[in-house]
Amino acid sequence: MSVNSWKMDAVVVKSMVNKENNIFLAGDAAHAFPPSGGFGLNTGIADAYSLAHTIAPRIKSKTDWDEAAQSYSNERREIAKLMKEFSLINYEKSLKVARILGL
């Protein structure tokens, strides 16, 4: 019925935390991967899980808040960068298969 263009992209934010405003990024707000392998959805779910377990115990006490925020950002950003690379590898493999099949 219609055709639209789409530009494949693979990006990860510089930081998953804005300490001044207490903003935490997770999922599509923090990273975008090619749709090859489900890495975006799975990484987003893991972001939310990690955020809940890193931040929740510190909300009431406010102890080690900055340390927890930085820990979350560092850990999840590194994982997002790895998943970005995996999704790009899968994307390239899918293009190879499509070329072999003449698609």
Side-chain angles (χ1 to χ4, degrees):
M1 300 188 94
S2 69
V3 175
N4 293 314
S5 63
W6 173 74
K7 181 182 178 276
M8 193 277 294
D9 208 355
V11 294
V12 176
V13 295
K14 291 180 184 174
S15 177
M16 296 183 70
V17 176
N18 178 315
K19 291 180 188 178
E20 294 86 39
N21 298 315
N22 288 331
I23 296 171
F24 296 86
L25 300 177
D28 289 350
H31 41 72
F33 309 143
S36 50
F39 294 110
L41 175 62
N42 289 316
T43 304
I45 291 169
D47 289 346
Y49 179 85
S50 178
L51 182 59
H53 284 275
T54 301
I55 301 302
R58 294 169 173 88
I59 287 177
K60 289 183 181 177
S61 66
K62 298 276 187 184
T63 59
D64 303 323
W65 182 260
D66 287 340
E67 181 182 319
Q70 196 59 50
S71 172
Y72 166 76
S73 184
N74 292 342
E75 174 189 324
R76 296 310 307 166
R77 189 167 179 278
E78 287 304 311
I79 291 170
K81 290 191 310 187
L82 285 172
M83 295 302 103
K84 178 181 90 168
E85 294 305 315
F86 286 143
S87 67
L88 288 171
I89 290 167
N90 272 2
Y91 180 74
E92 291 300 321
K93 286 179 181 180
S94 69
L95 291 179
K96 185 177 179 181
V97 170
R99 280 191 289 272
I100 291 169
L101 295 173
L103 301 174

Interatomic distance, [X] atom [atom1] to [Y] atom [atom2] [nearest 0.5 angstrom]:
{"X": "Asp28", "Y": "Leu41", "atom1": "CG", "atom2": "CG", "result": "8.5 Å"}
{"X": "Glu67", "Y": "Thr54", "atom1": "CD", "atom2": "OG1", "result": "11.0 Å"}
{"X": "Tyr72", "Y": "Leu51", "atom1": "OH", "atom2": "CG", "result": "4.5 Å"}

Could you walk me through whether Glu75 and Ser50 satisfy the side chain to side chain contact (heavy atoms under 4.5 Å, CB included) test, starting with their C-alpha distance in whole Å, then the side-chain angles of each, then the deciding distance to 0.1 Å, before giving a yes or no?
CA-CA 9 Å; Glu75 174 189 324; Ser50 178; 3.6 Å; yes

Aromatic plane relationship, His53 with Tyr49 - under 30° parallel, 30 to 60° tilted, over 60° perpendicular:
tilted

Backbone N or O of [Y] within a donor-acceptor pair of the [X] side chain at under 3.5 Å?
{"X": "Asp47", "Y": "Gly27", "answer": "yes"}
{"X": "Arg77", "Y": "Val13", "answer": "yes"}
{"X": "Thr43", "Y": "Gly40", "answer": "no"}

Got a sec, which hydrophobics cluster with Leu101, joining ILVMFWY side chains under 4.5 Å apart, including via others?
Val97, Leu103

Is any side-chain heavy atom of [X] less than 4.5 Å from a side-chain heavy atom of [Y]?
{"X": "Leu88", "Y": "Pro34", "value": "yes"}
{"X": "Glu85", "Y": "Leu82", "value": "no"}
{"X": "Met83", "Y": "Asn42", "value": "no"}

If you look at every heavy atom in Leu25 and Ser15, which pair is closest and at what distance?
CD1-O, 4.0 Å

Establish, from distance only, whether the side-chain atoms of Asn74 and Gln70 form a donor-acceptor pair under 3.5 Å.
yes

Hydrophobic cluster membership, Ile79 vs Met16, 4.5 Å side-chain cutoff
no

Between Val12 and Phe33, is a side chain to side chain contact (heavy atoms under 4.5 Å, CB included) present by the stated rule, with each step listed?
CA-CA 9 Å; Val12 176; Phe33 309 143; 4.2 Å; yes

